[in-house]
Amino acid sequence: MRLVYLGPFGFHPNKTMRSRALSLARELVKQGHAVKIIMPPWHTPQEAGRVWQEAGVELEYVALSGGVPVVVGRMVRAARAFAPEVIHVFKPKAYAGLAQWWLWQFHRRRYKIVLDTDDWEGWGGWNELGEYTAVQKRFFAWQEQWGLRHAHAVTVASHALQTLAWAHRVPPAQLHYLPNGSGLETHLSRPGENLHALRQKLGLGKRPTLLLYSRLFEFDISKLVAILQGVQAKIPDTAVLAVGAGLHERDTAVLRDQLVEANLLEAFIDVGWLEEEKLPDVLRTADVGLYLMEDTLLNRTKCPVKLADMLACGVPVVGERVGQVGAYVRQGETGLLRQAGDTAGLIDDVVQLLQSSAMRDEMGRTAVVDVRQRFGWDRLVKQVVTVYEKANSG
């Protein structure tokens with residue numbers, strides 16, 4: 001098959017197109033399919049017009065000049081020039097959603113159009129967090145609902161999204177659950193650094209280490225600080241390894257202020273945003289991962305790649321059982337889960353794992369195998385091929 005993937009943005013700083021679309025595309029190319037990914041790089045406009053390849057996947061960042069309709073027109077023309085059988089639109093939003101509208105209005109008899117959604121974008125979802133105007137919020141909510149109803153097939157990354165799609169009248173036969181695998185899969189088999197030496201370099205030494213791999217918007221920061229206080233009260237030499245950058249600078253500032261107030265700043269080692277190839281080694285230096293999720297619509301619909309990353313790197317996870325978290329963490333086998341808001345229980349679970357190397361080592365080994373077997377991209381791609389074949393036969 002010849003396939004085009006359309007994205008609403010490029011590879012940086014958002015991860016959907018690299019972690020989800022490119023991961024699928026790589027596996028499709030291995031199976032002999034031809035795939036091109038077309039994106040507007042509006043976060044990195046200096047890359048506009050770039051054309052390149054990764055692992056046999058053709059990639060194009062369209063030019064950004066001329067305004068939104070012109071950019072969308074370029075995306076559609078680039079897609080049609082590839083002569084695809086299927087066009088898979090990633091996110092029913094912004095440029096990608098507009099390209100879907102154009103293709104559906106004028107070309108739906110020529111191409112099979114598949115929509116992918118891995119977050120809820122409208123009311124109760126990213127509209128509540130994104131720094132959008134009121135007009136943009138209304139438009140994105142309309143795009144999402146229209147897009148779900150105007151595709152030959154829909155792929156969703158979470159069971160909550162599946163339920164929402166049904167509620168918006170997507171026929172069950174056209175709706176397909178397609179969760180995420182790890183975004184680091186291509187880097188996990190490469191020889192890594194000596195972990196003892198890396199721990200020394202990071203300033204962790206021999207201290208018990210709790211990993212915070214998050215963009216900070218999924219939870220109340222005061223809850224995180226309360227958990228860290230509770231853990232440190234029982235294990236005073238605990239180090240907290242923070243990986244990644246907050247979605248908003250204000251969240252990072254609030255966290256720092258609360259850490260200072262709680263006298264935790266010295267225990268906090270913030271390595272910030274890292275290139276993908278460096279992430280596996282750094283994540284593996286941690287003993288336990290912490291994954292907090294408020295019980296919100298946005299969090300219930302997410303399919304968190306960062307959670308899959310931690311488990312794929314052999315880090316047992318203590319988390320809140322919200323949305324897809326329970327699908328990835330096997331209770332008592334690859335981590336420990338509590339109901340959202342059970343701060344005391346989360347503290348107890350973190351302490352238990354930090355104090356039991358045998359338990360966390362066993363969980364870590366199980367997690368690596370489990371994520372690979374259930375969420376490996378080579379397995380998930382079989383599901384998406386079935387979606388394309390079914391759409392083509394309809």
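Shown here is K137, whose NZ atom has more than 12 heavy atoms of other residues, nucleotides or ligands within 6.0 Å. Annotation: R365, atom CZ; neighbour count of heavy atoms from other residues, nucleotides and ligands within 6.0 Å is above 12. For E266, the CD atom sits in a loose shell: 12 or fewer heavy atoms of surrounding residues, nucleotides or ligands are nearer than 6.0 Å. Around the CD atom of Q105, the shell of radius 6.0 Å holds more than 12 heavy atoms that belong to other residues, nucleotides or ligands. At most 12 heavy atoms of other shown residues, nucleotides or ligands fall within 6.0 angstrom of atom CG in N263. For Q46, the CD atom is densely surrounded, since the number of other residues' heavy atoms within 6.0 Å is greater than 12.
Here the side chain of Q100 pairs a donor or acceptor atom with the backbone of H150 at under 3.5 angstrom. N180 contributes a side-chain N or O that, together with a main-chain N or O of C303, makes up a donor-acceptor pair within less than 3.5 Å. One N or O on the side chain of R207 and one on the backbone of G203 form a donor-acceptor pair closer than 3.5 Å. A donor-acceptor distance shorter than 3.5 angstrom exists from the side chain of R74 to the backbone of A63, with no hydrogens or angles considered. Distance alone, capped at 3.5 Å, places no donor-acceptor pair between the E185 side chain and the G376 backbone. At least one donor-acceptor pair closer than 3.5 Å links the side chain of R374 to the backbone N or O of A327. Looking at E144, its side chain does come within 3.5 Å of a backbone N or O of E121 through a donor-acceptor pair. In this structure a side-chain-to-backbone donor-acceptor pair under 3.5 Å is missing from E276 to L184. Judged purely by atom type and a 3.5 angstrom limit, S19 has no side-chain atom pairing as donor or acceptor with the backbone of T16. Of the possible donor and acceptor atoms, one in the side chain of W120 sits under 3.5 Å from a partner among the backbone N and O of W123.
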L247 and E218: side chain to side chain contact (heavy atoms under 4.5 Å, CB included), yes or no, with the steps?
CA-CA 10 Å; L247 178 65; E218 302 94 340; over 6 Å; no

(Q) With side chain to side chain contact (heavy atoms under 4.5 Å, CB included) as the criterion, how do R300 and V322 come out once you've worked through the C-alpha distance, each side chain's angles and the decisive distance to 0.1 Å? (A) CA-CA 6 Å; R300 289 197 299 273; V322 174; 3.9 Å; yes

Q | Worked verdict on V305 versus K15 for side chain to side chain contact (heavy atoms under 4.5 Å, CB included) | A | CA-CA 9 Å; V305 172; K15 293 296 184 184; over 6 Å; no

| said: Let's go through E294 and K223 carefully: what are the C-alpha distance in whole Å and the side-chain angles of both, what is the deciding distance for salt bridge (Lys or Arg N to Asp or Glu O under 4.0 Å) to 0.1 Å, and is it a yes or a no? | reply: CA-CA 10 Å; E294 300 296 325; K223 177 171 64 177; 2.9 Å; yes

- Item | Chi angles and distances behind the side chain to side chain contact (heavy atoms under 4.5 Å, CB included) call for L3, L28 | CA-CA 9 Å; L3 306 158; L28 286 162; 3.7 Å; yes

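Taking the six-membered ring for Trp and thresholds of 30 and 60 degrees, W142 and F139 have nearly parallel ring planes, at less than 30 degrees apart. Ring-plane geometry between F11 and W52 is classed as perpendicular, the angle between the planes exceeding 60 degrees on a 0 to 90 degree scale with a lower cut at 30.
A continuous path of Ile, Leu, Val, Met, Phe, Trp and Tyr side chains, each step under 4.5 Å between heavy atoms, connects L307 with L283, placing both in one hydrophobic cluster. There is a path of hydrophobic side-chain contacts, each under 4.5 Å, that joins M310 to L241. Hydrophobic clustering of Ile, Leu, Val, Met, Phe, Trp and Tyr side chains at less than 4.5 Å, counting indirect connections, keeps V271 apart from F268. When hydrophobic clusters are built by joining Ile, Leu, Val, Met, Phe, Trp and Tyr residues whose side-chain heavy atoms come closer than 4.5 Å, directly or via intermediates, V4 is grouped together with M75. Cluster membership for I235 and V350, using ILVMFWY side-chain heavy atoms within less than 4.5 angstrom, is shared.
Using a 4.5 Å heavy-atom cutoff, the side chains of D287 and L353 are not in contact. No side-chain heavy atom of Q258 sits less than 4.5 Å from a side-chain heavy atom of L224. The closest side-chain heavy-atom distance from L24 to Y5 is below 4.5 Å. The shortest side-chain heavy-atom distance between L279 and Y213 falls under the 4.5 Å cut-off. Residues Q53 and V29 are not in side-chain contact: their nearest non-hydrogen atoms beyond the backbone lie 4.5 Å or more apart. You'll find the side chain of F375 stays beyond 4.5 Å of the side chain of L311, heavy atoms only. Looking at K390 and Q174, their side chains never come closer than 4.5 Å, going by heavy atoms from C-beta outward. Within the 4.5 Å cutoff, side-chain heavy atoms of M39 are placed close to those of L59.
Atoms CZ and OG1, from R215 and T252 in turn, are 10.0 Å apart once rounded to the nearest 0.5 Å. Taking CG of L336 as the start and CD of Q331 as the end, the distance is 5.5 Å to the nearest 0.5 Å. Distance OG1/T133 to CZ/F140: 7.5 Å, rounded to 0.5 Å. For the atom pair CG of D281 and CD of E193, the computed distance is 5.5 Å after rounding to the nearest 0.5 Å. Interatomic distance, CZ of R360 versus OG1 of T334, reported as 15.5 Å (0.5 Å rounding). Here the straight-line distance linking atom OG1 of T366 with atom CG of D361 works out to 10.5 Å at 0.5 Å rounding.
When all heavy atoms are compared, the tightest approach of A96 to P8 is CB-N, 3.6 Å. When all heavy atoms of I87 and A79 are compared, the closest pair comes out as CD1-CB, 4.3 Å. For the pair T238 and A267, the tightest heavy-atom approach, listed with the atom from each and the gap, is O-CB, 3.6 Å. Nearest heavy-atom pair, Q143 versus P92, reported as atom, atom and distance to 0.1 Å: CB-O, 3.3 Å. Pairing each heavy atom of T301 with each of S158, the nearest pair is O-OG, 2.7 Å. Nearest heavy atoms, P13 versus H43: CD-CG, 3.3 Å.
Considering H88, H176, R20 in turn, H88 is the only one that fulfils the side-chain hydrogen bond (donor to acceptor under 3.5 Å, both in side chains) rule with T155. A side-chain hydrogen bond (donor to acceptor under 3.5 Å, both in side chains) with K91 holds for exactly one of D116, N14, T117, D118; it is D118.
R190 and H187 form a side-chain donor-acceptor contact under 3.5 Å, judged by distance and modelled atom types alone. Defined by atom type and a distance below 3.5 Å, a donor-acceptor pair is present between the side-chain atoms of T209 and R199.
Salt-bridge check for D257 with R250: failed, with every basic side-chain N at 4.0 Å or more from each acidic carboxylate O. Under a 4.0 Å N-O distance rule, the pair E54/R18 qualifies as a salt bridge. Using a cut-off of 4.0 Å between Lys/Arg side-chain N and Asp/Glu carboxylate O, D309 and K306 are scored as not salt-bridged.
Taking the six-membered ring wherever Trp is involved, the centroid distance between the rings of H152 and W104 falls below 6.0 Å.
Figure legend: cation-pi geometry between R2 and F82, with NZ or CZ positioned under 6.0 Å from the six-membered ring centre and within 45° of its axis.
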